[in-house]
Amino acid sequence: MVKITYIQPDGTSRTCVNFEGMTLMHLAVGNLVDGIDAQCGGMMQCGTCHCYIAPEWLDRVGVAPPDERAMLEAIEGVELRPGSRLSCQVQLGEELDGLVVEIPANQPGV
Ligand code: FES
């Protein structure tokens with residue numbers, strides 16, 4: 001069992017329990033976490049699942065690979081940070097138990 005905490009821009013947080021095989025995006029959508037819209041369903045085409053990995057977790061989660069980073073940079077209105085990731089590209093495993101993720105104030109086009 002893996003617990004993931006999503007922090008909203010207003011500071012409120014929600015901790016969700018991961019089931020095997022889910023991504024960070026699927027866990028958020030399945031638990032109706034605000035701010036993860038995931039309009040393309042995880043196909044890395046929309047950017048509406050953008051999130052910020054907490055700095056202390058970045059080593060374990062990893063920074064966005066070049067293609068993901070390029071997509072994030074190409075989307076207008078996205079505030080990029082070192083921990084910017086598309087949550088649909090982050091596979092959850094036991095090593096990420098306790099992960100903390102911030103939700104951006106706005107998602108592109110939403
Ligand atoms: S759900 Fe569309 S890019 Fe992640």
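Just so you know, ligand 1 is whichever comes first in the structure, and atom 1 is the first atom listed for that ligand.
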> Can any side-chain N or O of Gln91 pair as donor or acceptor with the backbone N or O of Gly21 at less than 3.5 Å?
Replying inline: yes
>> For a side-chain hydrogen bond (donor to acceptor under 3.5 Å, both in side chains) check, start with the C-alpha distance between Thr5 and Ser13, then their side-chain angles and the critical distance, and finish with the verdict.
In response: CA-CA 7 Å; Thr5 298; Ser13 67; over 6 Å; no
>> At a threshold of 2.8 Å, where the distance has to be below it, does atom 2 (Fe) of ligand 1 have an N, O or S atom of Cys40 nearby?
In response: yes
> Any side-chain donor paired with an acceptor under 3.5 Å for Ser87 and His50?
Replying inline: no
>> Using a 4.0 Å cutoff against the non-hydrogen atoms of Met44, which atoms of ligand 1 qualify?
In response: 3 (S)
>> Looking only at protein heavy atoms, which one is nearest to atom 1 (S) of ligand 1, and what is the separation?
In response: Gly42 N, 3.3 Å
> Any side-chain heavy atom of Val17 sitting closer than 4.5 Å to one from Val2?
Replying inline: no
> Cation over ring, Arg14 on Tyr6, under 6.0 Å and within 45°?
Replying inline: no
>> Distance check below 2.8 Å: does Cys49 bring an N, O or S atom to atom 2 (Fe) of ligand 1?
In response: no
> Which bit of Gln45 is near ligand 1, meaning a heavy atom under 4.0 Å away: side chain, backbone, both or neither?
Replying inline: backbone
> Got a sec: is Cys46 within less than 2.8 Å of atom 4 (Fe) of ligand 1 via an N/O/S atom?
Replying inline: no
